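Written below as structure tokens is the structure these notes are about.
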2 protein chains.
Amino acid sequence: MKRTSLAGDSCPVARALDVFGDWWSLLIIRDASLGRRRFGEFQASLGLAKNILATRLRTLVERGILKTVPASDGSAYQEYVLTPKGHGIFPILVALRQWTEEFDEHPDEIATVMVDRDKGKPVKKLALLSQDGRVLGAADTTLKPRPAAKRARRLVTA
Amino acid sequence: MKRTSLAGDSCPVARALDVFGDWWSLLIIRDASLGRRRFGEFQASLGLAKNILATRLRTLVERGILKTVPASDGSAYQEYVLTPKGHGIFPILVALRQWTEEFDEHPDEIATVMVDRDKGKPVKKLALLSQDGRVLGAADTTLKPRPAAKRARRLVTA
DNA sequence: TTGTGTGGTTGCAATATTAAACCTGATGCT
DNA sequence: AGCATCAGGTTTAATATTGCAACCACACAA
């Protein structure tokens, strides 16, 4: 009767959620992407129980989202930093942010705006483009079965 | 000792997660965006317990992500469809999908590819652009305090 | 070497998830 | 109309996860 795992699911959305789709993981990742690195920083920032934080950090490391490195201040402690796989989550954070900016009932409670570092101006909305450069909305897309490509090997060996 | 709510948080990422950041909601929304509408369809597709599905649907309706409409086949049952606020979640689903496509260890287990309906070709990666059209990565962005604008009213009345 | 901060682990109470049984109104069949 | 069945839930009870607080070990500072 465990919480059902989505790890084996064929839907890529479900597979992503299986990795960091729980209540806290994305917030930890957000904090990490803001430069937080230490256990105590995460705990203070998120206000979650220490045991929960400990297990989340452990599984995020196991799953290759975070890695531990020796503390940057020379002390014997360790720090948690994003791997490339973890940095790849950035667009998801942006998408979540932009959804709130557009649809939240109390946008005045949002504390920050994402700006480009160079000019300091707010970024544009994430754009989904076709290969020939058209902007696509949900209605302009469909899902197709994935081309078999590598899966063929299994059939060959069978 | 309830599950801590993120509703009042000032971070837009947290606010979004508070609305649909639990284990099942995003998958229900994904299904809805694929055209599933009926309780039984969701249940069969997701394989979750019916009581959980019932409560999730109820809260998603309460929060303005889904709305109920009379069944499209003329029967007396109701169906669940996305509101505009719900359709706005589409980019988040795309971002999750693309993360898995890029970083999953077993990409061969992904069943589908998102293509543009016109040409049938895979869509490009979501792009974050500055106002002058440069492509931005995480490192090219910062967060700035939100311009006070409407918040001023509170200060005035104080 | 005594004290304090960091980074956890452990135990327990509260809450959430799950599966399965049950219920109710709608639909279909004759 | 009368009966069976289906869609869409609710209820119940077992199990799992969360949250809090107390505890612990090591690092570091005086």
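Worth saying up front: this structure is predicted, and the values here are computed from it rather than measured. Each chain gets a letter, A, B and so on, in the order its sequence line appears, and its residues count up from 1.
Between A:Trp23 atom CH2 and C:dT15 atom C1' there is a gap of 13 Å when expressed in whole angstrom units. When the C1' atom of C:dT17 is taken as reference, atom NZ of A:Lys2 falls 14 Å away, rounded to whole Å. With rounding to whole Å, B:Ile28 atom CD1 is found 13 Å from C:dT17 atom C1'.
Near-neighbour residues of DNA chain D inside residues 68-81 of chain A, defined by a heavy atom below 4.0 Å, number-ordered: A:Ser75, A:Ala76, A:Tyr77. Residues from residues 32-54 of chain A that place a heavy atom under 4.0 Å from any atom of DNA chain C, listed by number: A:Arg38, A:Phe39, A:Gly40, A:Lys50, A:Asn51, A:Ala54.
A salt bridge is absent between B:Arg134 and B:Asp140; no separation between the charged side-chain nitrogens and carboxylate oxygens falls under 4.0 Å. The pair A:Arg36-A:Glu41 does not meet the salt-bridge criterion, since no charged nitrogen lies less than 4.0 angstrom from a carboxylate oxygen. The existence of a salt bridge linking B:Arg56 and B:Asp22 is confirmed by a sub-4.0 Å separation between a basic side-chain nitrogen and an acidic carboxylate oxygen.
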Next item on the list: With side chain to side chain contact (heavy atoms under 4.5 Å, CB included) as the test, would you mind laying out the steps for B:Asp18 and B:Asp9 before giving the verdict?
Entry: CA-CA 9 Å; B:Asp18 188 70; B:Asp9 203 290; over 6 Å; no
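Between the NZ atom in A:Lys144 and the CE atom in B:Met114 there is a gap of 13.0 Å [rounded to 0.5 Å]. Separation of atoms CD1 (B:Ile29) and CZ (B:Phe42) is listed at 10.0 Å; rounding is to 0.5 Å. The distance from atom CG of B:Leu48 to atom CG of B:Leu53, rounded to the nearest 0.5 Å, is 5.0 Å.
Residues B:Asp116 and B:Val123 approach most closely at N-CG1, 3.9 Å, considering heavy atoms.
In summary, of the residues considered (A:Glu102, A:Gln98, A:Glu101), a side chain to side chain donor-acceptor pair (under 3.5 Å) with A:Lys125 occurs for A:Glu102 alone.
Open room surrounds CD on A:Glu105; 12 or fewer heavy atoms of other groups in view lie less than 6.0 Å from it.
The side chain of B:Trp24 contributes an N or O atom lying less than 4.0 Å from OP1 or OP2 of C:dT18. The phosphate of C:dT17 (OP1 or OP2) has a side-chain N or O of B:Arg56 nearer than 4.0 angstrom. Contact between the side-chain N/O atoms of A:Arg58 and the OP1/OP2 oxygens of C:dG7 is not found at any separation under 4.0 Å. Regarding contacts with the backbone of D:dG19, a side-chain N or O of B:Thr4 is found under 4.0 angstrom from either OP1 or OP2.
Consecutive Watson-Crick or G-U pairs involving DNA chain D, each under 3.5 Å on both distances, make up stems of three or more pairs at C:1-30 with D:1-30.
Judged by distance alone, the side chains of A:Ser10 and A:Arg146 never bring a donor and an acceptor atom under 3.5 Å apart.
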